[in-house]
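In what follows, a single structure is set out as structure tokens and then discussed.
First the proteins, then the strands, lettered A, B, ... as listed; each starts at 1.
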Amino acid sequence: MNDIYDEIMAIAKRRGIVYPSFDIYGGLSGFYSYGPIGTLLKDNIIEVWKKFYVVREGCLLIDTPNVVPYRILKASGHVDRFTDILVECERCKSKYRADKIIEDELKIDPSKISREEMFQILKKNDLKCPSCGGKLVNPREVNLMFRTEIGFGDVIKAFLRPETAQGIFVEFNILYNVAKKKLPMGVAQIGRGFRNEISPRQGVIRLREFNMAEVEVFFDPQKDDHPFFDEIKDEKVRVLTRDDVELEDTVGSLYKRGIIKGKLLAYYIGLTKRLLVTLGIDERKLRFRQHKVHELAHYAKDCWDAEIYLERFGWTEVVGIANRSSYDLTAHSRESGVELVAYRNLERPKKVIEKVIIPKYNILGPMLKDKLKPVEKALKEGNYEEVNDKIVVKIGENERVEIPKSAVEVKEEEKTIMVEKFVPWVVEPSYGIDRILYGVLEHSFTKDDRGYAYFRFKPYIAPIKVGVFPIVSKEPFTSIAKDIYLRFIREGILAYYDASDSIGRRYARMDEIGTPYCITVDGQTLEDSTVTVRDRDTRKQVRMKVDEAIKYVKERTTFRFY
RNA sequence: GCGGGCGUGGUGUAGCUGGUAUCACGUAGCCCUGCCACGGCUAAGACCCGGGUUCGAAUCCCGGCGCCCGCACCA
């Protein structure tokens with residue numbers, strides 16, 4: 001196959017953008033490295049992402065471990081969700097997912113049975129291969145997470161994280177506190193995720209180790225809103241609904257029409273569109289696809305993928321924006337025994353009369369001895385009955401203890417309740433950085449009228465901001481050019497000094513890696529200290545003073561909103 | 001993981017009816033060059049890995065790895 005992907009990857013390797021890892025050992029599919037230019041590009045993409053989510057949205061940016069103990073991923077459902085049982089046909093060697101076979105052949109809902117039961121079912125029922133009718137044998141687990149272990153001897157089972165999100169959920173209480181207990185609260189994390197894909201064959205699109213940028217927006221499901229909603233609501237997007245209807249509308253209108261099921265969801269779809277376009281994704285090759293009902297994870301209310309069109313891979317998911325409801329917090333709360341909740345103010349404060357029974361310890365202590373503790377607890381929890389002048393306290397299953405009323409102080413307090421607890425819901429925009437980076441490469445890949453290829457990166461994304469050349473490699477041009485180069489460095493702008501080959505070749509080399517500007521020192525520089533500033537896309541030059549040229553480049557290569 | 005095809009400098013290729021490798025672009029150095037991959041000279045750089053057959057393997061055979069297509073898997 002010879003397409004734009006090959007062409008881009010050839011340049012990517014030659015110029016140090018991205019290429020297969022472990023090359024001298026023959027390579028290993030699913031692993032790619034970023035070279036010096038690609039790493040700069042990736043960092044610049046992440047910088048813009050941070051401008052959107054950390055600076056603009058005010059998300060709390062955190063960084064949690066890649067290695068995650070078993071319990072956490074068990075609680076989150078990943079241990080089960082990422083473990084498939086495969087069965088194999090004895091005759092034709094086809095592989096099937098056991099749960100799919102059980103569902104199709106026996107009409108049993110596989111989500112309702114355990115793994116052991118599934119093995120039992122496979123043993124008992126003489127299931128046949130759907131394609132050739134052969135016997136299905138050798139059921140075994142396929143786990144898509146990378147296993148590892150922590151420590152020596154009594155090791156703790158662990159995995160490399162399949163997503164960064166779980167690191168956020170388990171720290172909810174700390175973060176909620178840091179955020180002064182205010183919702184909505186966005187928490188962002190940028191990092192690597194790992195998936196032991198069976199056979200990744202889509203180059204840089206399906207990686208076993210990949211970069212992601214995720215946000216978990218915790219919110220009160222009764223207040224599904226965003227303070228900047230009005231600013232985003234007119235963002236127009238192309239969508240493909242779960243009923244396969246293609247249409248174009250603003251996110252505000254899609255929300256009103258009930259197509260996007262949630263205001264926050266609509267907001268982040270709009271924001272994602274703006275971000276992807278800002279990064280250099282072609283708006284005409286971008287759409288948002290709603291997950292079909294059967295495609296939704298059982299905890300998700302609604303889920304939309306941002307998909308970009310790529311020549312080789314077709315419509316490709318680059319961002320997933322899901323409403324995960326309260327699933328994860330509830331799961332981690334159950335497993336850890338730690339309450340993960342937020343508080344909301346009641347609209348009308350409730351007045352309640354609360355009866356509190358305070359034990360008189362000087363009487364109850366000697367009377368109950370070691371039973372004081374359980375009695376105290378039961379009184380607090382209301383597990384008692386008042387019978388005449390006695391209190392019957394229920395401790396444990398059947399055990400009851402009678403104590404005289406005189407041994408306690410009964411207080412009736414009127415309380416005004418202002419807040420109530422709830423488990424926050426989560427909207428999760430999750431970005432695949434590597435896929436976005438490739439999308440930026442492909443969508444900014446351009447051939448000029450002479451057939452020369454280059455990347456039309458947005459100036460703030462470009463790895464190198466400016467090339468600085470002497471018109472010929474001779475004094476005093478070289479010294480002046482080197483001086484200008486150093487002035488850029490001092491400004492913190494990545495510049496590239498080049499005096500080799502012809503001036504045309506140098507422009508071409510800079511074009512190829514998407515450098516937006518080139519400054520050339522020529523004969524006229526000696527007379528009036530002006531230089532030419534060349535624009536990559538138009539190849540037009542403007543002449544200006546050196547000071548202005550530096551300012552000109554700096555202004556245009558620094559990211560700014562709007 | 002199964003079936004089919006493929007694997008030659010950084011890239012694209014020729015050679016593949018056994019005798020250490022063609023060409024172009026690119027890269028490095030020098031000369032030339034006062035604005036868009038100019039030209040000249042020079043240099044470096046490859047047979048995916050392992051085993052077998054053979055006096056001799058890029059070439060033939062086997063295995064591995066990788067890539068591509070289909071199935072499966074994944075989202």
Whole-Å distance separating the [atom1] atom of [X] from the [atom2] atom of [N]:
X	N	atom1	atom2	result
A:R543	B:G34	CZ	P	16 Å
A:Y5	B:U11	OH	P	14 Å
A:R509	B:C36	CZ	P	16 Å
A:R15	B:G26	CZ	P	12 Å
A:R312	B:C67	CZ	P	11 Å
A:M9	B:G66	CE	C1'	14 Å
A:E512	B:G10	CD	P	17 Å
A:D6	B:G7	CG	P	15 Å

Open item on the list: Just N and O in the side chain of A:S473: are any of them under 4.0 Å from OP1 or OP2 of B:U33?
Closed with: no
With [atom1] as the reference atom in both, quote the distance from [N] to [M] in angstrom, rounded to an integer.
N	M	atom1	result
B:G9	B:C23	C1'	13 Å
B:U20	B:G4	C1'	32 Å
B:C25	B:A37	C1'	10 Å
B:G29	B:C35	C1'	24 Å
B:G26	B:C48	C1'	22 Å
B:A14	B:C6	P	13 Å
B:U13	B:C68	P	15 Å
B:C16	B:U53	P	25 Å

Open item on the list: Which heavy atom of A:T330 sits nearest to which heavy atom of A:S326, and what is that distance?
Closed with: OG1-O, 2.7 Å
Sugar-phosphate, base or nothing in reach of [X], heavy atoms under 4.0 Å:
X	answer
A:Q541	base
A:T532	base
A:F469	nothing

Looking at [options], which one has an atom nearest to any side-chain atom of [X]?
X	options	answer
A:R14	B:C35, B:G10, B:U33	B:G10
A:I503	B:A37, B:C35, B:C67	B:C35
A:D305	B:A75, B:G34, B:C67	B:A75

Between the side-chain atoms of [X] and the base atoms of [N], is any donor-acceptor pair under 3.5 Å?
X	N	answer
A:R505	B:C38	no
A:R539	B:C36	no
A:Y452	B:C36	no

TODO: Look at the rings of A:Y431 and A:Y53 and say which category their plane angle falls in: under 30° parallel, 30 to 60° tilted, over 60° perpendicular.
DONE: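 Judged by the thresholds at 30° and 60°, the geometry between A:Y431 and A:Y53 is perpendicular.
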TODO: Can you tell me the pairing partner of B:C74 across any strand shown, Watson-Crick or G-U wobble, with both distances under 3.5 angstrom?
DONE: none
TODO: Please give the nucleotide sitting opposite B:C67 as a Watson-Crick or G-U wobble pair, both distances under 3.5 Å, or none.
DONE: B:G5
TODO: Using a cut-off of 6.0 Å, state whether more than 12 heavy atoms not belonging to A:R450 lie near its atom CZ.
DONE: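 Yes, enclosed.
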TODO: If the glycosidic angle is within 90 degrees of 0 it's syn, otherwise anti, so just tell me which one B:U20 is.
DONE: syn
Task: Anti versus syn assignment for B:G34, with syn defined as within 90° of 0 - done: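 Glycosidic conformation of B:G34: syn.
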Open item on the list: Are A:K273 and A:L286 packed together at the side-chain level, in the sense that at least one heavy-atom pair is separated by less than 4.5 angstrom?
Closed with: yes
TODO: Sequence neighbours left out, what passes side chain to side chain contact (heavy atoms under 4.5 Å, CB included) with A:R556? Give chain and number order.
DONE: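 Testing A:R556 for side chain to side chain contact (heavy atoms under 4.5 Å, CB included), a comparison that skips the adjacent residues, returns A:Y517, A:Y552.
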TODO: Could you walk me through whether A:T530 and A:D528 pass side chain to side chain donor-acceptor pair (under 3.5 Å), step by step?
DONE: CA-CA 6 Å; A:T530 61; A:D528 59 9; 2.7 Å; yes
